[in-house]
Amino acid sequence: MKIKKNISGSEALIHCLLEEGVDLIYGYPGGAIMPFYDELYKFQDKLQHVLTRHEQGATHAAQGFARVSGRVGVCVATSGPGATNLVTGIADAMIDSTPMVCLTGQVPSHLLGSDAFQETDIIGISTPVTKWNYQITNAAEIPEVMAKAFYIARSGRPGPVLIDVTKDAQFDTFDFSYKHCTGVRSYKPLPKIDVTAVDAAAAVLAKAKKPLIVWGQGVILGKAEEEFKNFVEKSNIPAAWTILGVSAIPTDHPQNVGMVGMHGNYGPNMLTNECDVLLAIGMRFDDRVTGSLDTYAKQAKVIHLEIDPAEINKNVDADVAVLGDVKSTLPLLAERVASKPYTEWYAAFKKHHDIEFEKVIKGDLHPTKDGLSMGEVLKEINRASNSDAVVVSDVGQHQMIACRYATFNHSKSNITSGGLGTMGFALPAAIGAKMGAPDREVVAIIGDGGFQMTIQELGTIFQTQAAVKVVVLNNDFLGMVRQWQQLFFDKRYASTEMVNPDFVKIAEGYFIDSKRVTSRKELGPAVDEMMASDKPYFLEVCVEKEHNVFPMIPSGASVSDIRLS
């Protein structure tokens, strides 16, 4: 690009963002980042800034934007408490592999290490939860560092990057030019594919009589949905998903046998310990998926398709490891596999599904009690949205219900906090998701506990008029903790019962159309009204107070010890 003579570091930061295709950022101004905001004021026609009500909200909004759009999310904060307020969202993005660039202001260089006002060592604090971080003290460093930041955030296994910029570096001037980063010495984001490993994987699958695919978010992050679908259909292998992998293929795909994990489906969990080959695709064998590692799939040959070498043999030893981007490795494996009927094997999944339906699903989706269930709320949302909505869930019982019962026709439709389990995630993440996919309906499913952790982001919805549909499932409890207290702590409900405010009045205070539902006859019409609205909408649904989420694998137990009640 043409050299821009004698521009400030702040203006350089703006040009870097524009060069990287950024047109939307989330943030909260303050003293150390004020030069950047002053420059941003001049670029409002090119770079939209969304003022969240808390810096944590900015990170989660950037996450929601990134997860739905497939682009890098960007957030901005000032030094000290502004920067530290980003850390939860950064940690969430790190463990869930979300591409994000965070800009923080910092005190002037000569004050570093002096405990100056609002000085915090954000580089030291964020090092464990970032893919890379860097502190800029010289304005001339800005173009190269920012180009590297975006390259690292989006390449390979994505993740968050934090760039800390001192105030003097924002004011200082230099001659600016920009060159996109295409590589970093010693950083190899895409492992070289070993075709002999692909051959070995195909040889193992050729002998399989009861193979099982477990896929994760790597399929979605690798933009490999079509390749994955082709492989699944050619091989005819049953396929189960982790909560971050769901929606890579439609819910109603005939080979989709359900969710694995602590509150996953009965069949794929039980049959994990009966399969003879476990084919893991773009997933990391999280403890919520495996339960006790001592008993997890010990009878099976394990094939692991993974982009990050650090995940190979980390939790579960692989008999065959196929390193590489699944968008490239899946077609190679598909070429080498043949379809088999697996008739008896599919019958085993059907048998387990029928058991789960009678003991769990029927009661969740078609309850006979007067009280509303969380499952029937999801059933109504599926109906009213034709399964085309993006569902953004918070953390808790409602999250597991949403992941179990929300149905999807399109990829990038289930947005939730997976590895970190961050309460308060959903409301700001839904704002980002709506801005990342403005043509799609976005429905946030939130519990009454998590809602109050970032409830202030209703102000962001009001100011931006982001047409998010917010559904609070209110059971007046911290429901998941209460469930554990009931099952494992003799019903000692210590500090889990909530005394809640009038949520509808609060939402109305932000001039958001709102309604409360307390009976079954009100539910369908209220959901229809919400989904028909082209504006933000808040719906509180009062559900049963002591409803539990089953199936459930007790913590540390085998996947075979899954409980149906």
Side-chain angles (χ1 to χ4, degrees), residues 243 259 261-266 269 288 355-381 391 393-406 416-417 421 423-424 426 444-453 455 470-504 515-524 526-527 539-557 561-565:
I243 65 169
M259 180 170 81
M262 181 172 280
H263 292 285
N265 293 110
Y266 189 53
N269 274 310
R288 286 294 171 104
I355 293 170
E356 182 183 352
F357 183 84
E358 286 300 319
K359 293 191 175 183
V360 178
I361 297 172
K362 185 163 69 173
D364 281 347
L365 299 184
H366 309 282
T368 56
K369 297 179 181 179
D370 290 338
L372 286 165
S373 74
M374 292 179 281
E376 63 186 313
V377 179
L378 267 296
K379 182 181 70 172
E380 287 297 322
I381 290 170
V391 175
S393 55
D394 211 76
V395 172
Q397 286 183 316
H398 63 279
Q399 176 191 34
M400 294 297 100
I401 290 291
C403 290
R404 281 176 55 79
Y405 295 122
T416 195
S417 173
M423 291 178 68
I445 307 293
I446 315 178
D448 47 312
F451 181 54
Q452 292 177 86
M453 288 195 170
I455 194 171
V470 180
V471 180
V472 168
L473 303 182
N474 185 1
N475 59 8
D476 294 312
F477 266 111
L478 297 176
M480 187 60 82
V481 184
R482 184 212 55 76
Q483 177 168 334
W484 280 56
Q485 289 172 334
Q486 177 184 335
L487 298 177
F488 308 115
F489 294 89
D490 297 325
K491 294 187 178 182
R492 292 187 294 274
Y493 295 159
S495 303
T496 47
E497 188 163 10
M498 305 284 287
V499 179
N500 287 319
D502 188 327
F503 292 130
V504 168
K515 183 164 285 189
R516 178 183 294 111
V517 168
T518 59
S519 68
R520 188 161 290 119
K521 67 179 181 180
E522 299 173 311
L523 180 60
V527 170
L539 180 65
E540 177 188 5
V541 183
C542 300
V543 297
E544 283 191 47
K545 289 190 68 170
E546 297 190 51
H547 177 79
N548 289 332
V549 183
F550 288 104
M552 180 180 183
I553 301 168
S555 181
D561 295 328
I562 187 168
R563 295 173 54 169
L564 294 174
S565 62

Side chains of [X] and [Y], donor plus acceptor under 3.5 Å:
X: N548; Y: R482; value: yes
X: D364; Y: H547; value: yes
X: E544; Y: S373; value: no

Determine the minimum heavy-atom distance between [X] and [Y], stating which atoms define it.
X: E356; Y: G264; value: OE2-O, 4.5 Å
X: F451; Y: V470; value: CE1-CG1, 4.3 Å
X: A526; Y: K515; value: CB-CD, 4.0 Å
X: M498; Y: Q452; value: CE-NE2, 3.4 Å
X: P554; Y: F488; value: CB-CZ, 4.0 Å
X: G424; Y: D394; value: N-OD2, 3.0 Å

Given 3.5 Å as the limit, does a donor-acceptor pair link the side chain of [X] with the main chain of [Y], or not?
X: R563; Y: S565; result: yes
X: N474; Y: V541; result: no
X: D561; Y: A557; result: no
X: H263; Y: P551; result: yes
X: K379; Y: L365; result: yes
X: Q399; Y: S417; result: yes

I'd like to check [X] versus [Y] (side-chain heavy atoms, cut-off strictly below 4.5 Å). Are they in contact?
X: M552; Y: Q483; value: yes
X: V481; Y: Y493; value: no
X: L478; Y: M423; value: yes
X: I381; Y: I445; value: yes
X: R404; Y: M259; value: yes
X: V517; Y: L372; value: yes

Residues, nucleotides or ligands: over 12 heavy atoms within 6.0 Å of [X] [atom1]:
X: K545; atom1: NZ; result: yes
X: F489; atom1: CZ; result: no
X: R288; atom1: CZ; result: no

Given the rule in the side chain to side chain contact (heavy atoms under 4.5 Å, CB included) test, do I355 and K359 qualify, once you have shown the distances and angles that lead to the verdict? CA-CA 6 Å; I355 293 170; K359 293 191 175 183; 4.3 Å; yes
Assess whether a salt bridge exists between R520 and E376, defined as any Lys/Arg side-chain N lying under 4.0 Å from an Asp/Glu carboxylate O.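 Yes, R520 and E376 are salt-bridged.
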Working note: H398 + V471, criterion side chain to side chain contact (heavy atoms under 4.5 Å, CB included); need CA distance, chi angles, decisive distance, verdict. CA-CA 10 Å; H398 63 279; V471 180; over 6 Å; no
I'd like to know whether Q397 forms a side chain to side chain contact (heavy atoms under 4.5 Å, CB included) with N475, so could you lay out the CA-CA distance, the side-chain angles of the two residues, the decisive distance to 0.1 Å, and finally the verdict. CA-CA 10 Å; Q397 286 183 316; N475 59 8; 3.4 Å; yes
